Amino acid sequence: MTDQPATSLWSSDLVLREAVARHGGQVHETRLAELGELAGSAKARAWGEQAERHHPVLHTHDQRGRRLDEVEYHPAYHQLMRVGVEHGLGGGAWSADPGTGAHVARSAAMLLWSQVDAGHVCPLSMTGAAVPALRADPVLADVWVPRLASSDYDPGLRRAREKAGALAGMGLTEKQGGSDLSGTSTVAVRTAGGALEGGEGYRLTGHKWFCSAPMSDLFLVLARVGSSDGPLTCFVVPRVLEDGSRNPWHLQRLKDKLGNRSNASSEVELDGTWGVRLGGEGEGLRTILQMVNATRLDCVVGSAATMRAGLVRAVHHARHRSAFGQVLVDTPLMSNVLADLAIESEAATVLGMRLAAAADAAAAGDSGERALLRIGVAIGKYWVCKRSPVVLAEALECLGGNGYVEENGMARLFRESPLNSIWEGSGNVIALDVLRVLSHHPDSLDALVAELHAARGASRRLDATLDEVSGTLRTAAEEMASDPSAVTGAARWLVERLAVALQASLLVRSSTRKVADAFLATRVERQGGSCLGTLPVGDRTTRAIVERSVAI
Ligand SMILES: Cc1cc2nc3c(=O)[nH]c(=O)nc-3n(C[C@H](O)[C@H](O)[C@H](O)COP(=O)(O)OP(=O)(O)OC[C@H]3O[C@@H](n4cnc5c(N)ncnc54)[C@H](O)[C@@H]3O)c2cc1C
């Protein structure tokens with residue numbers, strides 16, 4: 001039993017529909033409506049619950065003791081993957097002819113489909129994100145990009161040329177650390193021959209401590225060339241070699257995780273594993289960051305989806321549950337809680353979709369939007385992912401004890417909620433990354449200030465905040481130029497301030513006056529309390545905000 005309405009997740013989400021239209025995604029609306037209908041159906045919900053409950057199973061060896069290194073997934077997982085790939089959640093936005101607003105459409109589809117199950121979206125996200133990195137190498141791009149961008153879901157370990165569609169993963173994190181990749185200890189030694197997929201072949205030896213979706217067809221892997229202090233370099237490692245043999249990819253264990261259980265995350269030993277270099281020797285971080293930056297945008301959108309799923313369940317419950325003779329949604333206090341959840345969810349959605357629009361513009365060659373994307377994704381990744389567990393805890397409580405029970409679905413969302421803040425750069429690392437962008441990329445600082453100020457004149461309270469935040473930004477950039485260590489301790493504070501200012505600027509331009517004013521009062525001017533449900537507004541306002549958030 002899941003306490004969730006059987007309704008289209010697209011038609012009930014006005015905020016998302018407005019964002020898609022605002023950012024040029026109209027041509028994709030029919031497909032999004034189809035996906036939203038399916039995502040809200042009992043059938044899809046059952047897939048999500050089954051894929052989560054029936055964990056992936058690792059088979060290290062076959063019956064004769066030979067290495068197998070395969071993960072078996074429940075059929076429901078494959079159904080979820082098939083729909084996701086068919087709707088472009090993998091590399092669809094990078095296909096030969098994605099159409100206008102392709103990243104906006106992909107992010108909107110991710111926001112819808114992630115609500116069914118977040119776990120399987122991990123391999124889809126990595127598949128899309130591998131494309132920008134692979135494009136740097138024409139030979140590798142020729143082999144892999146059409147398959148990663150394909151709308152065919154084609155699971156199973158076979159050579160690239162036998163596959164209609166392919167999936168990608170990444171192997172960065174080792175036991176000694178995932179944030180500081182300078183400690184990478186996997187070693188790659190150049191090898192003669194075997195480079196059937198182009199580029200220079202290497203044999204990799206070492207381990208990867210966290211490697212999700214280990215049944216993917218290829219992985220972008222970091223290793224040091226020659227020795228453990230050699231240049232850090234990126235390699236493309238296929239699971240099956242061109243002669244049809246298996247590349248050594250020894251799966252030791254699957255992680256027993258808090259959430260995200262439909263997705264297998266493994267520990268892998270590399271033992272003379274063949275890989276081909278992507279990018280120059282010593283350019284590993286620069287190369288892999290292209291992939292990581294793309295997955296960070298998906299983290300923003302994925303967290304917006306988790307919040308949205310919690311909000312929808314909370315509102316649905318409150319509309320159908322009575323206490324003390326009143327339907328919960330009609331009580332002033334519950335209405336305040338739901339409205340506060342709705343505001344946070346809307347702010348997350350509009351920011352994620354604005355960044356997706358920047359990705360479209362950047363792909364079309366707009367340098368200003370590329371500069372905005374660089375800093376906006378880091379700001380969004382920090383803040384939206386941090387808000388997710390806060391929102392989910394409160395949304396769960398709206399269902400009372402029922403929310404705490406596993407079969408209801410809220411517990412699963414709650415377990416999922418901290419993850420996006422951890423992987424692809426944990427909170428501190430992302431906050432420091434924002435500082436790095438501010439000090440190294442003045443064009444990103446200018447693009448951010450311009451985006452903030454695009455709302456100037458719409459609200460006097462926002463104008464005052466914009467002046468303050470812009471001043472703080474410039475001062476921080478100057479201080480960093482002279483002494484970066486003086487600012488690092490305040491990184492979280494600065495990024496949070498930037499994030500809420502950016503969300504306020506977007507809401508003032510895109511949402512209703514009630515939503516924008518309530519956001520400004522609580523998040524910017526801090527008139528609310530520490531908990532959600534402390535909006536300093538009356539019943540009529542909170543009701544209007546809740547009604548806007550989830551159409552009946
Ligand atoms: C479910 C799941 C799936 C994953 N899948 C993959 C995958 O497919 N491929 C892959 O490569 N990795 C994967 N990871 C690993 C993930 O990317 C890392 O866990 C993450 O990058 C953090 O690295 P770490 O765990 O080693 O923590 P550490 O690097 O040890 O960091 C610990 C803490 O210290 C903080 N910190 C680090 N540096 C600083 C600093 N300079 N100042 C202040 N604070 C700092 C961090 O923010 C963090 O809070 C996965 C993780 C999870 C949970």
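Quick caveat: nothing in here was measured; it's all calculated off a predicted structure. Atoms within a ligand are numbered from 1 in the order they appear, just like the ligands themselves.
- The 4.0 Å heavy-atom shell around ligand 1 contains residues Met170, Gly171, Leu172, Thr173, Gly177, Gly178, Ser179, Phe210, Cys211, Ser212, Lys257, Ser265, Leu419, Ile422, Trp423, Glu424, Ser426, Asn428, Val429, Leu432, ordered by chain and number.
- Annotation: cation-pi pair Lys208/Trp249 absent, no NZ/CZ under 6.0 Å from the ring centroid and within 45° of its normal.
- Thr295 and Glu424 share a donor-acceptor pair across their side chains, judged by distance under 3.5 Å alone.
- Taking the charged nitrogens against the carboxylate oxygens, Arg53 and Glu406 have no contact shorter than 4.0 Å, which rules out a salt bridge.
- Of all heavy-atom pairs between Gly275 and Val237, the closest is CA-CG2, 4.1 Å.
- Ion pair Asp271/Arg67 not flagged as a salt bridge, since none of the NZ, NE, NH1 or NH2 atoms sits closer than 4.0 Å to an Asp/Glu carboxylate oxygen.
- For the side-chain contact (heavy atoms from CB on, under 4.5 Å) criterion with Leu278, the lone passing option out of Leu220, Ile288, Thr233 is Leu220.
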